[in-house]
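Chain A is the first sequence line, chain B the second, and so forth, proteins listed ahead of strands; every chain is numbered from 1.
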2 protein chains.
Amino acid sequence: MDLDTARARVLDAAEALFYERGVQAVGMDLIRSASGVSLKRIYQLFPAKEQLVEEFLRVRDARWRRRLAEHVTSAGDAHGPREAILAVFDWLHLWFDEPGYRGCAFINAFGELGTVSPSVAGIAREHKEEFRRYFAGLVAAADRPAPLADQLLLLAEGAITTSAITGSAEPARQARDAARTLLNATESA
Amino acid sequence: MDLDTARARVLDAAEALFYERGVQAVGMDLIRSASGVSLKRIYQLFPAKEQLVEEFLRVRDARWRRRLAEHVTSAGDAHGPREAILAVFDWLHLWFDEPGYRGCAFINAFGELGTVSPSVAGIAREHKEEFRRYFAGLVAAADRPAPLADQLLLLAEGAITTSAITGSAEPARQARDAARTLLNATESA
DNA sequence: ACGATGTGAGAACGATGATTCTCCACGTAA
DNA sequence: TTACGTGGAGAATCATCGTTCTCACATCGT
């Protein structure tokens, strides 16, 4: 097995396990057995667990935003910038329905490690900032006032955590309805 | 020191430490030194750490909801049911500005332990369900359609986590603005 | 073939944590 | 006073975890 595939396998295993059970509940030995990569190799690739945790978050951030953007862009191309905004919530609904959905990995990591690890706290902050920026772009493209972006972000974040705890994807629909109301309220502005 | 005060001191220390650093990052020995109660006594009062964690969450749930209700009730008595709803977000703003604010203890505990501990997951679920129920009562008192309660809940949850990660209390104001818009949108309904 | 290098399996190490145990001081009932 | 129960400080125990080390084995260039 070459280094790149070993690295990918470790990151895949780490992502699945960290997301499912939290960071501290997952030992390096479990990542070894799940990935099939020896401890020695894992420590060659990541000098310490903390680096693996950071890389897991960075990889997840990139993939999460790419998947979101793909879904939203195709909806926006087909139905315009207003529908693009609502498509964010449709995508959340799809996400919430995935098996093993456990909320936002960044909120979870922040809650678990934010006090102790400034780098984890920073990555979580950046992820949320990127998400906010993304909403800001959609709102600008739809010619709505900028504060709407922050409000939509709150709806999305609320849906993410509420869905995780209740185990239902319904909050995505509720957030979408609220988002539509907020959009309509700026219609004449 | 009698048993009741020892119990109170342990729970106070546990709440402060668990909330600040997360559950797994806090050892029983730290709770002992912070509370001034010997390990022997702690284990008399709580047969295992897990029981202490559960009790910490229950105590926090009760106090959190009592404090919220106090603030909202006084606003509602003075300015009516519509202002009572908005007062929830004013109270969130006060909470976010408290030193050491780190988001919702239940979301954090759920993220950290939800997979591994069904009882923690259950307590978190109950807490959120109570919060939702509280919103439902306010919405009913203000004669608004029931689905509004779910939407307001999402705004509040979103503000709670966003404020924790960004370190700013501003999301409370943004959520309040969005809530006002949603309220106005049902004005004529 | 042979030495150098790298690898995997798993033991070893040192730290930390949850839980229990030991030992001793102290107050108290007889 | 004395025997006793209680409680505290902290050592002991046992497990787990992050990290490193050992060692036997394979690979490969010469």
Which of these, A/Leu182, A/Thr186, A/Asn184, sits in a side-chain contact (heavy atoms from CB on, under 4.5 Å) with B/Thr181? A/Leu182
How long is the line joining CD1 of A/Ile42 and P of C/dG8, in whole Å? 10 Å
Do the ring planes of A/Phe135 and A/Phe131 sit parallel (below 30°), tilted (30 to 60°) or perpendicular (above 60°)? tilted
From the options C/dT7, D/dG8, D/dT20, select the nucleotide whose nearest atom is closest to the side chain of A/Leu39. D/dT20
Grab the CG-C1' distance between B/Asp2 and C/dG27 for me, whole Å please. 17 Å
A/Met28 CE - C/dA15 P separation (whole Å): 19 Å
Distance under 6.0 Å and angle within 45° of the ring axis: does B/Arg102 meet both against A/Phe110? yes
Whole Å only: how far is the CG atom of B/Leu3 from the P atom of D/dT6? 12 Å
With a non-hydrogen cut-off below 4.0 angstrom, is B/Gln24 in contact with a base, only sugar-phosphate, or nothing? nothing
Nearest-nucleotide 5' precedence on DNA chain D, B/Lys40 against A/Glu50: B/Lys40
Specify the residue among A/Met1 and B/Tyr43 whose closest nucleotide of DNA chain C lies further upstream toward the 5′ end. A/Met1
Please state how far atom CG in A/Asp29 lies from atom C1' in D/dT20, giving the value in whole angstrom units. 14 Å
Would you check, one step at a time, whether the test side-chain hydrogen bond (donor to acceptor under 3.5 Å, both in side chains) holds for A/Arg125 with B/Thr166? CA-CA 6 Å; A/Arg125 208 168 5 251; B/Thr166 65; over 6 Å; no
Nearest whole angstrom, please: distance from the P of C/dG17 to the CZ of B/Arg21. 11 Å
Starting at atom CZ of A/Phe46, determine the distance to atom P of D/dC17, rounded to an integer number of angstrom. 20 Å
Whole-Å gap separating P (C/dG10) and CZ (A/Arg41): 17 Å
Using a 4.0 Å heavy-atom cut-off, does B/Val26 contact any base of the nucleic acid, only the sugar-phosphate backbone, or nothing at all? sugar-phosphate
